[in-house]
Chemist: 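Dropping a structure here in structure tokens format, bear with me for questions.
Bear in mind the structure is a predicted one, so any value in this text is a computation, not a measurement. FYI, side chains are in, hydrogens and waters are out, and symmetry mates aren't considered; it's all heavy atoms of this structure.
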Amino acid sequence: MSRPKFRFVGKPIKAIDQLKFLYGRGLFIDDFKVPSTLPPMLHVALVTSPHAHARIKGIDVSEAKKMPGVFAVYTGQDLIPYHKAPLPINTPAVPTPHQYILAVGKVRHYGEPVAVVLAEDLKTAKIAATKVKVEYEVLPAVIDPEEAIKDGAPLLHEGVKNNIAYHDVFVYGDVDKAFAEADVIYRDRFYYHRSTSNPVEPLGAISYYDKLTGEMHCWSNWQNPRYLAGLAAAVLGIPPAKYHAYRLDSGGSFGAKYAVMYTAILTGMLSILTGRPVKYFETRGEYLASWHSGGEERVYYVEAAAKRDGTILALKEKIISDYGAYMGVYSPGQEFNPFAQWTGAYKIKNVYIEITCVLTNKTPTSSAQRGFGAPQQAFIVERVVDGLAEMLGIDRVEIRRRNFIQPHEFPYVLPTGNIYDSGDYPTVLEKALKLSKFDELKKKQEELRKKGRYIGIGLAAVPHRSSYNIIEMAVPNPAVELNVSPAAISLRVNDVGQVVATVYFAQSGQSHRTDVAQMIADALGIDINDVNVVIEDDVLCSSYDAEPGGSRQTPMMDLLVGEATKRLKEKMIRMASVILGWDIEHLVYEDGWVKARNNPEKKISFKELAFIANWQKFRIPMEDVGLEVHVVLNSPSSRVDPQRRFYFYPFMGFTVDIPVVEVDIETGTVKLLKYYQVHDSGTIINPLVARGQVIGGLVHGMNDAYLGEIVYDNKDGKLLSTNFGTCFFPTSKEIPEFIIEFHETPSPINTFGSKGLGESGRISAPAAIASAIEDALRPFGIKIKEVPVTPDRLISELMKKKR
């Protein structure tokens, strides 16, 4: 299918907000000043637990209260009456004890807040927090999720039998028959460690409760204000119609700010108590310890059944997932998110999935993180495919060719129920092999190996789902019937023919305003400079929008722009029929003009119609004369069937990644030399923006693969990764040259054919880099079964092989 030619879609147009941030004109938490008409703002400092598991015997706040400038000190016990509803969890089907905004009676992870100090300035609040004395009775901590489910393990919560918060089994196809017919069975154990998004700007909120009106005002760097504001309002007992959630600029999120309601709840509760605006902006240490740290830490026991020719028949996984001390609002949705691409790019018909969600004395994984479970499943599938290739003596490229979903098989239905909309996996693979000069790389690898240099060439072929539907949150309890994840847009044409597009989502660096402007300009056949995209700041005044997440904004905006501009053009045709005196069926909208089909000279321009609609409405005797449309559409995927199969990610991109690494066998360090990727996310709306998003995702994936890890002391549960000196992430020194090529297989679902891509790199890179490291160490027979592949782990494995 040939691609239509567009004036703006597909062009590398600079992001609309770029200069604003380059010149430091963003409005972030620390830039925001509350209106001068409000009372002076109070600042918050937390008192947090130095223990992973302990009873709170007593809290002495007297010395802190005496400090000049301190307004109040509150403990968890003080705030109990102000919890009008429990802190939210995913569904009632997930049993978890009540969690308070500050610990009550017991702390269950290092860094859990136990008290809060409010002062006239932040410095005073922090000094006063050090003067709060807490007496603890230290209890045994359990850190390892496999230890946590054993009989006799320390229990985190009273009144429960064990630390298992959720358990379920899903079977698709005839798994037993597939294993019985297999020629080979591959078995292994894998581990994906806890990691974090670590955005440049941590989480924060400023709340003010107006007692005169009963309204709550909250300014925050939320990623998902519409959803979270409703949850925060429920906890605080504020009617949703009186909870104003304002979007400030955000210094990154990557999912971390999807659970920002905890900061909103804390500041809101304190504002209700004090009658003043309250600000809390977490430190880096608090980000890593107090509320959440991304997470998605899992143990996998995997079996795969295959024929001798490499055909993969079945995949069986038993997953033990560590959720930390409490289940959160997105728990256990991250377990079900990868159902959307469970079998990867391969035609695996039979699947067994057993999920056990475990509570441990670690920071709760309350928030999302880029990919939300998909990177872990991609890692497992690609490691299994490589393992089978070696077991069967089949080249790792060839085994992928033999199992790929073929272009003519799209739309393709997974055993788990999700539908892949389009793709051409064989072509993308061949392009990646050509781009990287794969055969030449292998020859060079052999030459360098003879010289004592251990170069590895990775390979991963990974789909990446986009445009989530909330169904993934309803999997534990289908009776809840969560199935609406809409997006919205409003278009208004002013009197000079410029389009003002209002969108209703938060931004954290994705440049969606630019993409939307490009699509509107092409859909209407007008200049992009005549399109102004604005974001509604107050979600109380917004149309309902499920907000960014799951790489949903570009493909959903593609869908919305198509429908909204269609309605706008229909309205202009109706107007033109009155003005021109022609029947509607004889008119057509083309390239910014309404024209008569059989008489091209009979036409009226977009701008003329705009002027008439705004200033000469008497010429249009129609009930609805304004050139305005408002469109709200649900995600095109929204289905659960009686077999518990789920259709909830309608757009499926695909990448083939070929990273090249060098491993120093003396130090165990990994250096990423080059990274080749051929990337298919359907029609690329803006290659400049797309390339930036892809590289950002790949760098995030690098972090998971061999750099970043949240580390706890296995004995006492103390968090060891408390700052950038102990919680590593890629810097400019580690980032290699990225050689990226786009291949476009347009989606048939939306107007321009775009798919999401913001999470793609984090989904594919850990699997690809693990493959490269294993390839580098092939002479030693070392298998990569866990990430990140840190130097100490590599040295340990090398020493075992040398013994």
Chemist: Donor-acceptor check, side chain of E786 to backbone of F190, threshold 3.5 angstrom: yes or no?
Modeler: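 Absent.
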
Chemist: Backbone N or O of R644 within a donor-acceptor pair of the Y172 side chain at under 3.5 Å?
Modeler: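 Confirmed, Y172 side chain pairs with R644 backbone.
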
Chemist: Any luck finding a side-chain donor-acceptor pair between S422 and K755 under 3.5 Å?
Modeler: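 Side chains of S422 and K755: pair found under 3.5 Å.
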
Chemist: Between Y676 and F438, does the ring centre distance come in under 6.0 Å?
Modeler: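 No: the rings miss the under 6.0 Å criterion.
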
Chemist: Assess whether a salt bridge exists between D704 and R762, defined as any Lys/Arg side-chain N lying under 4.0 Å from an Asp/Glu carboxylate O.
Modeler: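 Looking at R762 together with D704, the answer is yes, because their closest N to O distance falls below 4.0 Å.
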
Chemist: For the residue pair K11 and F6, would you count it as a cation-pi contact if the rule is NZ or CZ under 6.0 angstrom from the ring centre and within 45 degrees of the ring axis?
Modeler: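 The answer is no; the distance or angle limit is not met.
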
Chemist: Under 4.5 Å between any side-chain heavy atoms of L777 and L794, yes or no?
Modeler: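 Side-chain contact under 4.5 Å: yes.
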
Chemist: Counting neighbours of NZ on K437 that are heavy atoms of other residues, nucleotides or ligands and sit closer than 6.0 Å, is the number greater than 12?
Modeler: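 Check fails, neighbour count at 12 or below.
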
Chemist: Examine K316 relative to Y352 and say whether NZ or CZ is less than 6.0 Å from the centre of the six-membered ring and inside a 45° cone about the ring axis.
Modeler: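 Yes, a cation-pi geometry holds between K316 and Y352.
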
Chemist: With no hydrogens and no angle check, just 3.5 Å: does a side-chain donor-acceptor pair link E382 and Y346?
Modeler: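 Yes, because at least one side-chain N or O of E382 sits under 3.5 Å from a partner of the opposite role on Y346.
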
Chemist: Among side-chain atoms of S637 and N469, is any donor-acceptor pair under 3.5 angstrom?
Modeler: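 There is no such pair between these side chains.
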
Chemist: Take the angle between the ring planes of Y412 and Y420 and call it parallel below 30°, perpendicular above 60°, tilted in between.
Modeler: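 Tilted, since the angle between the ring planes falls between 30° and 60°.
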
Chemist: Aromatic contact between F336 and F170, with the criterion being ring centroids under 6.0 Å apart: yes or no?
Modeler: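 Judged by ring-centre distance (under 6.0 Å), F336 and F170 do meet the cut-off.
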
Chemist: Has the side chain of T311 got a donor or acceptor atom that lies under 3.5 Å from a matching backbone atom of K307?
Modeler: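 It does not hold such a pair.
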
Chemist: If only atom types and distance count, is the side chain of D558 paired as donor or acceptor with the main-chain N or O of G753 below 3.5 Å?
Modeler: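 Confirmed, D558 side chain pairs with G753 backbone.
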
Chemist: So is R370 actually on top of F254's ring, under 6.0 Å and inside 45° of the axis?
Modeler: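 Not flagged: R370 not positioned over aromatic ring of F254.
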
Chemist: For D386, which of K783, R396, R400 qualifies under side chain to side chain donor-acceptor pair (under 3.5 Å)?
Modeler: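 Testing D386 for a side chain to side chain donor-acceptor pair (under 3.5 Å) against K783, R396, R400 leaves exactly one candidate, R400.
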
Chemist: What residue among L313, N350, I185 forms side-chain contact (heavy atoms from CB on, under 4.5 Å) with F179?
Modeler: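 Going through L313, N350, I185 one by one, the side-chain contact (heavy atoms from CB on, under 4.5 Å) with F179 is satisfied by I185 alone.
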
Chemist: According to the interplanar angle, ranging from 0 to 90°, do the rings of Y425 and F410 count as parallel (below 30°), tilted (30 to 60°) or perpendicular (above 60°)?
Modeler: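 Taking F410 first and then Y425, their aromatic rings stand perpendicular (interplane angle over 60°).
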
Chemist: Would you kindly say whether H679 and Q677 are connected by a side-chain donor-acceptor distance under 3.5 Å?
Modeler: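 A pair is found: one side chain offers a donor N or O, the other an acceptor, under 3.5 Å apart.
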
Chemist: Go through the steps for S321 and I355 under the test side chain to side chain contact (heavy atoms under 4.5 Å, CB included), then give the verdict.
Modeler: CA-CA 7 Å; S321 190; I355 296 170; 5.5 Å; no

Chemist: Using only atom types and a distance under 3.5 Å, with no angle test, would you say the side chain of D515 pairs donor to acceptor with the backbone of I685?
Modeler: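 No; judged by distance alone, with no hydrogens or angles, the pair does not exist.
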
Chemist: With no hydrogens and no angle check, do the side chains of E759 and H700 hold a donor and an acceptor under 3.5 Å apart?
Modeler: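 Side-chain D/A pair, E759 to H700: absent.
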
Chemist: Where do Q341 and N418 land on the side chain to side chain contact (heavy atoms under 4.5 Å, CB included) test, with the steps shown first?
Modeler: CA-CA 7 Å; Q341 57 179 81; N418 204 54; over 6 Å; no

Chemist: Verify whether one side chain among R189 and Y191 offers a donor that lies under 3.5 Å from an acceptor in the other.
Modeler: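 Checked: R189/Y191 side chains show no N/O donor-acceptor pair below 3.5 Å.
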
Chemist: Do E734 and T731 have side-chain atoms, one donor and one acceptor, less than 3.5 Å apart?
Modeler: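 Distance-only check passes for E734 and T731.
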
